[in-house]
Each structure stands twice: as structure tokens, then as C-alpha cells.
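Both backbone and side-chain heavy atoms feed into the values below; hydrogens, waters and symmetry mates do not.
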Amino acid sequence: MSWCYTALDDARTDVTGQRPRVVIIGSGFAGLFAAKKLANADAEVIVVGKSTHHLFQPLLYQVATGILSPGEIAPSTREVLRKQKNASVLLSEVTDIDLKSRVLTLKELGESRYLPYDYLIVAAGAGQSYFGHDEFASFAPGMKSVDDALELRARIFSCLEMAEIAEDNDERNRLMTYVVVGAGPTGVEMAGQIRELTQRTVSGEYRRINPSDARVILLDANDRVLAPFGDKLSRKAQRKLESIGVEIKLGAKVVGVDVDGITVQNSVGDTEQIGAGCKVWAAGVEASHLGAKIADQTECEIDRAGRLLVNDDCTVPGHPEVFVVGDMMALNGLPGVAQVAIQSGRFAAEEIRAELAGKKRAGIFKYRDRGSMAIISKFSAVVKIGKFEIGGFIAWVAWLFLHLLYIVGFKAQISTLVHWAIAFVTDHRAERVITRQQMVGRLALKQLGADFHPTITGVADPDSIDPTSINRGVDE
């Protein structure tokens with residue numbers, strides 16, 4: 001049976017009499033765990049994703065800093081679901097949702113198609129938010145995809161390469177300055193790993209520069225790092241970061257990002273220009289555009305981050321067949337973390353399973369807080385579970401264990417453990433290959449236009465990009 005239809009009028013009638021169809025938008029934590037929970041349900045399950053992999057996003061920074069390879073945190077969705085006979089995977093982008101007709105509009109290879117559903121789980125996740133300044137993205141990539149991580153890896157390591165050949169001292173200092181915007185878990189982990197990389201991993205490899213002289217600056221408009229972790233762990237994390245050489249500037253609002261660096265403004269309105277070769281954006285998220293499309297057709301409101309204010313059972317008003325989960329939902333102040341995504345995805349699947357079996361739905365999603373954690377540096381992390389707070393080596397071991405537990409696939413767990421052993425015991429990093437394509441690929445695609453598709457028009461020519469734009473952005 002065909003999944004997609006080019007004629008909208010035939011989309012619903014073509015599935016009449018078939019098993020109920022559950023369509024899941026997104027293959028992240030919420031989408032994948034929802035699909036797996038529906039393994040034995042008497043339904044057809046279709047996972048629609050813009051990529052072919054399930055991404056373990058909390059470890060993207062380790063791909064960016066050369067510890068892990070993309071395959072270890074991004075297994076193929078098809079491989080993960082290959083034994084689930086009622087599940088299929090569809091590579092496509094959902095561009096519209098017709099809630100009244102229960103039909104999705106998909107676009108891939110320049111062609112629009114239609115996909116009907118009986119139940120819909122919207123788990124499209126969230127992207128990077130630049131708070132109304134999308135022009136910053138050219139100079140300061142975010143950390144939301146494998147492409148982002150590979151580009152940042154190329155930028156991080158290429159700064160040292162260019163500093164090695166730079167003749168001007170000021171330019172050399174600029175190239176050896178790394179700025180991370182956002183002092184949440186991602187920003188803290190990224191800043192700590194960049195510092196360890198320059199201080200230990202590449203020590204002794206350069207002849208004209210000393211990588212340990214590199215500056216790593218962590219910025220945040222808030223008045224503390226890891227604010228959700230509480231005062232005690234926040235202070236502990238800040239002290240540890242400063243002890244390894246990370247410069248922390250709090251109360252610093254970013255008001256400009258350009259070729260040469262970042263401009264910040266303090267609480268009294270004074271501005272400071274920080275010259276930087278590599279800029280990393282780890283501040284703010286914005287939910288998928290699909291949230292606004294759902295809000296336009298229902299009484300459901302959206303918050304400032306584009307998340308839908310869903311019912312207690314994760315559905316949208318007037319549509320008990322539509323569940324919004326993970327980073328796209330706003331419910332009871334729940335944070336945008338992996339555990340919320342996993343649990344809400346499973347809950348939505350359980351509600352559908354119950355109804356298909358003729359049972360009553362549970363009705364209310366109850367989140368079980370499994371805690372928050374962030375790694376600061378080698379052998380040091382912070383963990384908060386309810387009122388229980390711990391930092392240091394024991395927290396680091398707990399961080400390793402829990403992250404290893406949630407990596408999908410036995411082979412990925414073993415290879416990840418090996419790479420961690422290499423990185424944390426010997427200070428070496430196995431994934432340091434960088435290419436010109438990684439550095440300029442995103443910007444080249446942007447220049448070619450949004451409709452560019454490599455399978456049709458060929459791969460962008462890296463030589464068409466000005467090499468001086470690497471790590472400096474592209475003048476718009």
C-alpha cells in the first residue's frame with residue numbers, strides 16, 4: 001500500500017478500511033520512543049523525519065570537539081526500527097497539517113505529497129533561537145544537528161591551523177579566542193571541552209603557537225551558569241570552569257555577531273567588542289514552525305519559544321487524536337530535556353494503544369523527574385535529582401553511565417565507551433578529521449538557495465566560497 005498521495009482528495013478515501021494509521025513527525029527522543037512503544041499495537045506506524053537518523057543530541061558537543069563520531073550518536077532510524085514490523089520510516093519534511101481532514105502535506109525532492117493519518121504524534125522538536133537576530137547564524141552556528149557539530153569541529157580545529165600560519169599577532173590572538181554563548185548545559189559542556197582540547201589534546205603539536213594560550217570565553221545574559229541547577233551546583237560549576245581556564249562573563253547580553261567577533265552589553269548598557277575566531281551559539285531554542293500551524297487551526301496557544309500549550313494529556317484542544325510532545329509542548333513548566341521528550345512520547349503512544357484496545361485513556365501526563373546533569377571537565381560533573389545534589393568525580397561517573405544507557409544500539413554503546421576511554425584517560429581524541437566541505441557546506445547551501453538538493457543539482461563546489469570566510473562567516 002502506498003503511503004503518500006499526490007491528490008489531496010484521494011488521500012483519506014485511500015486508507016478506508018485499513019488498520020488505524022499512527023503518523024509520528026520526528027525521529028528524536030519523543031518520536032522514536034513513541035514508535036517503539038507502539039511495537040505490538042494493531043496499527044500502521046509511520047515515522048516521518050527530515051533526516052535518516054535518530055540523534056542523541058546531548059552528545060553533539062562531543063562530535064564537535066573530536067571525541068565521538070556522528071555514527072555513535074546518530075544511528076539509522078531504519079536500523080533501530082528494522083524488527084518492528086508495523087513501523088515504517090519516511091524521509092520527508094512536513095510542511096503543513098490539515099487537522100480537519102487529518103492529512104499532512106509532505107515535501108521532498110521538490111514535490112508535494114499528502115499523507116493521511118488517524119492518530120498524529122507531533123514530535124518535530126526545536127531548533128536554535130537567535131532571539132530575532134537570525135543573521136548571527138552565519139557567524140555563530142548552533143548545536144542542533146550533525147551538520148552543526150561537524151561544522152563546529154572544522155571551525156574549532158581550523159582556528160588553530162590558521163593561527164599557526166598567521167603573521168600578525170592581533171590576528172593570531174583573535175583566531176585563538178573561542179566564545180561560547182549560553183551557559184546552560186550545552187554551553188558549559190562545550191566551553192569545558194574546548195578548553196581541555198586546547199590545553200591537553202593538541203599540546204606539543206604546533207611549533208609557532210602554544211594552544212594552551214587560547215582563550216575560551218563563556219557568555220550568558222543570566223547572572224549564573226547552569227541556572228536551573230540551583231545556587232550550590234552553579235557556583236561549583238563556575239569554580240571548576242574557572243580553574244581550568246574558562247573565562248566567564250555573566251550579565252552579558254549579545255547585541256552583535258560579525259566577521260571579527262561578538263559585541264556584548266552589560267547590565268548598565270556599556271558594550272564590549274570581543275574578537276574571536278570561533279563563535280558557538282548555545283543559547284535559546286525555538287520550536288518547529290508546525291506549532292504555529294496547529295495553533296492557527298485550534299484554540300491552542302503558543303508561548304514565546306513557539307511551543308504549544310497542550311492539554312494535560314498532551315493533546316491539542318478539540319483534537320484528541322493529535323498529541324504534541326517533547327520540545328514542542330509547553331505543559332506545567334516542564335523543561336526541554338531528553339527525559340521529558342522520552343516520557344511524553346511514550347505516554348502519547350500508551351494513550352493510543354489503550355484506545356485501540358478499547359480501553360479508557362489515562363488522561364493526564366505525569367512526568368517523573370529523573371534529574372539533570374552536565375559534565376564540566378574530565379572527571380568532573382554536576383548532578384541534580386530532586387533535592388539531591390552532587391558534583392565532582394561521582395557525578396561524572398553517573399553522567400557517563402546514564403548517557404551510555406540511553407545511546408541506542410549495543411555496538412554504539414561499546415564504541416562510545418572505547419572513545420571515552422581514549423579521550424578521558426589518554427587525552428587523545430580519535431575524531432579529529434576536518435574537511436573544507438564541513439567548514440563551508442552550510443554556507444554554500446545557503447548561497448545556492450533553500451531549494452538546493454544535492455541529489456539533483458550536484459554537490460556545492462567548496463572552491464566557490466571565499467576561504468577567508470571560514471570561521472569568519474560570510475558577508476551577507
Side-chain angles (χ1 to χ4, degrees), residues 2-4 22-36 38-39 44-60 62-64 68-95 104-113 115 117 121-128 142-153 288-290 325-328 338 341-342 345 406-413 415-416 431 435 437-438 441-442 444-445 450-460:
S2 175
W3 295 330
C4 298
V22 182
V23 175
I24 301 171
I25 304 175
S27 58
F29 285 114
L32 185 66
F33 279 83
K36 294 177 73 173
L38 290 165
E44 178 188 12
V45 180
I46 300 177
V47 179
V48 182
K50 292 193 293 184
S51 68
T52 61
H53 56 263
H54 160 68
L55 179 61
F56 192 92
Q57 199 173 94
L59 290 179
L60 266 177
Q62 294 200 5
V63 174
L68 299 178
S69 70
E72 286 159 333
I73 68 164
S76 165
T77 310
R78 294 185 184 279
E79 181 181 4
V80 175
L81 298 175
R82 70 185 185 280
K83 294 183 180 179
Q84 188 170 325
K85 300 304 181 183
N86 71 337
S88 302
V89 179
L90 189 59
L91 175 64
S92 196
E93 180 178 4
V94 177
T95 59
L104 305 181
T105 302
L106 314 181
K107 187 175 182 181
E108 187 59 34
L109 300 175
E111 182 178 0
S112 292
R113 301 169 184 268
L115 178 67
Y117 64 86
I121 299 177
V122 185
Q128 202 71 63
M143 281 285 290
K144 293 298 180 182
S145 70
V146 170
D147 284 337
D148 292 339
L150 291 176
E151 179 181 354
L152 282 169
R153 180 198 292 178
S288 165
H289 67 96
L290 295 177
V325 294
D327 290 344
M328 286 197 63
I342 291 170
Y406 280 101
I407 290 177
V408 176
F410 177 76
K411 289 188 293 184
Q413 290 172 331
S415 61
T416 298
E431 302 295 332
T435 68
Q437 185 177 27
Q438 291 171 356
R442 177 179 61 91
L445 290 174
D451 292 331
F452 171 78
H453 198 292
T455 61
I456 297 176
T457 60
V459 178

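By the side chain to side chain contact (heavy atoms under 4.5 Å, CB included) test, E79 is found to be paired with S76, R82, K411, residues two or more places apart in sequence or in another chain being considered. Not counting sequence neighbours, E431 has no partner by the salt bridge (Lys or Arg N to Asp or Glu O under 4.0 Å) test. For P70, the side chain to side chain contact (heavy atoms under 4.5 Å, CB included) partners at least two apart in sequence or on another chain are V63, V146, L150, R153. Partners of A123 by side chain to side chain contact (heavy atoms under 4.5 Å, CB included), not counting sequence neighbours, listed by chain and number: A30, V325. Take A412 and apply the side chain to side chain contact (heavy atoms under 4.5 Å, CB included) test, not counting sequence neighbours, and it matches I407. With sequence neighbours excluded, the residues that form a side-chain hydrogen bond (donor to acceptor under 3.5 Å, both in side chains) with S69 are E72.
A 4.5 Å side-chain heavy-atom check between D148 and L60 finds every atom pair outside the cut-off. Here the side chains of V94 and V122 are not in contact, with every heavy-atom distance at 4.5 Å or above.
Rounded to the nearest 0.5 Å, atoms CD (E93) and OG1 (T105) are 11.5 Å apart. Distance check: L38 CG to E44 CD gives 12.0 Å after rounding to the nearest 0.5 Å. For the atom pair L106 CG and T95 OG1, the distance stands at 7.0 Å (nearest 0.5 Å). Note that CG of L90 is 12.5 Å distant from OG1 of T52, once rounded to the nearest 0.5 Å. The CG atom of L104 sits 14.5 Å away from the CZ atom of R113 when rounded to the nearest 0.5 Å. Atom NZ of residue K50 and atom CD of residue E108 lie 11.0 Å apart, to the nearest 0.5 angstrom.
At distances below 3.5 Å, not a single donor-acceptor pair connects side-chain atoms of S88 with backbone N or O atoms of I46. Of the possible donor and acceptor atoms, none in the side chain of Q62 sits under 3.5 Å from a partner among the backbone N and O of I73.
Across every non-hydrogen atom of S27 and V47, the tightest pair is CB-CG1, 4.2 Å.
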